[in-house]
Amino acid sequence: QVQLAESGGGSVQAGGSLRLSCEISGNVIRMAWFRQFLGSERKGVAGLHTGGGTWYTDSVKGRFTISRDSAKNLLFLHMNNLKPEDTAMYYCAATRDNGGNWWWPTVYNYWGQGTQVTVSS
């Protein structure tokens, strides 16, 4: 059983930075960060394949970076130039499968509990 645990959320002013971490126990091949705005469904923010390749939703390109430390089983989301519209609950997700688009929540079998990011103007 794969388990995920996020950390690193918090409150920051617009223009600030945060780094989210996700500890992943178990072998997976695709990982991603999703976020969920109040009252809406989860949306993909960034994805990563262990074989190479990263993907981002348009609104975070140039501001967010997804990376991993495979030796420590950690997935990161570096968030710079944060905006109030980035305020959401952020979740890490992982799967052992290759099928489907990275931004589809249904692709991922394993999810963390979520960490809140709040950006004030």
*Asks:* Mind jotting down which residue pairs meet the salt bridge (charged side-chain N to carboxylate O under 4.0 Å, His left out) criterion with at least one end in residues 29-57? Sequence neighbours excluded, please.
*Replies:*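 As it turns out, the salt bridge (charged side-chain N to carboxylate O under 4.0 Å, His left out) pairs with a partner in residues 29-57, which skip direct neighbours, are Arg35-Asp86.
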*Asks:* Consider only side-chain heavy atoms of I, L, V, M, F, W and Y, link residues closer than 4.5 Å, and tell whether Ile24 and Leu74 are in one cluster.
*Replies:* no
*Asks:* Would you mind reporting whether Val107 and Asp97 have side-chain heavy atoms less than 4.5 Å apart?
*Replies:* no
*Asks:* Grouping I, L, V, M, F, W and Y whenever their side-chain heavy atoms are under 4.5 Å apart, do Leu18 and Phe64 come out in a common cluster?
*Replies:* yes
*Asks:* Under a 3.5 Å distance rule, please check whether Trp33 uses its side chain to pair with a backbone N or O of Phe76 as donor and acceptor.
*Replies:* yes
*Asks:* Taking Cys92's backbone N and O only, do any of them form a donor-acceptor pair with Tyr110's side chain (distance below 3.5 Å, no angle check)?
*Replies:* no
*Asks:* Would the number of heavy atoms belonging to other residues, nucleotides or ligands and lying under 6.0 Å from CG of Asn98 be above 12?
*Replies:*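 Buried by this count: over 12 neighbours within 6.0 Å.
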*Asks:* For a 4.5 angstrom cut-off between non-hydrogen side-chain atoms, does Trp111 reach Phe34?
*Replies:*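 In contact.
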*Asks:* Please check this pair: side chain of Glu6 against backbone of Gly114, looking for a donor-acceptor N/O pair closer than 3.5 Å.
*Replies:*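 Here the side-chain-to-backbone pair exists.
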*Asks:* Who passes salt bridge (Lys or Arg N to Asp or Glu O under 4.0 Å) against Asp58, sequence neighbours left out?
*Replies:* Lys61
*Asks:* Using the rule that two of Ile, Leu, Val, Met, Phe, Trp, Tyr join whenever any of their side-chain heavy atoms come within less than 4.5 Å, decide whether Val2 and Leu75 are in one cluster.
*Replies:* yes
*Asks:* Taking atom CG of Leu38 and atom OG1 of Thr87, what is their separation to the nearest 0.5 Å?
*Replies:* 11.0 Å
*Asks:* Answer yes if Trp102 and Val60 sit in the same cluster of Ile, Leu, Val, Met, Phe, Trp and Tyr residues linked by side chain heavy atoms under 4.5 Å apart, and no otherwise.
*Replies:*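 No, separate clusters.
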*Asks:* Might you confirm whether atom CD of Gln113 has over 12 heavy atoms from other residues, nucleotides or ligands at distances under 6.0 Å?
*Replies:*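 Atom CD in Gln113 is crowded, with more than 12 foreign heavy atoms closer than 6.0 Å.
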*Asks:* Heavy atoms, side chains only, cut-off 4.5 Å: are Leu20 and Tyr91 in contact?
*Replies:*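 In short, these two side chains do not touch, never coming nearer than 4.5 Å.
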*Asks:* Check whether any side-chain N or O of Thr115 sits under 3.5 Å from a backbone N or O of Tyr90 as a donor-acceptor pair, and report yes or no.
*Replies:*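 No, the answer is negative, given that no donor and acceptor are paired below the 3.5 Å cut-off.
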*Asks:* Among Leu48, Leu4, Thr95, find the one that has a side-chain contact (heavy atoms from CB on, under 4.5 Å) with Met31.
*Replies:*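 In the set Leu48, Leu4, Thr95, the residue that makes a side-chain contact (heavy atoms from CB on, under 4.5 Å) with Met31 is Leu48.
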*Asks:* Under a 4.5 Å side-chain heavy-atom rule over Ile, Leu, Val, Met, Phe, Trp and Tyr, are Val12 and Met79 clustered together?
*Replies:* yes
*Asks:* Would you say that Glu85 contacts Phe37 through its side chain, given a criterion of any heavy-atom pair below 4.5 Å between the two side chains?
*Replies:* no
*Asks:* Would the number of heavy atoms belonging to other residues, nucleotides or ligands and lying under 6.0 Å from CD of Glu23 be above 12?
*Replies:*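 12 or below, so no.
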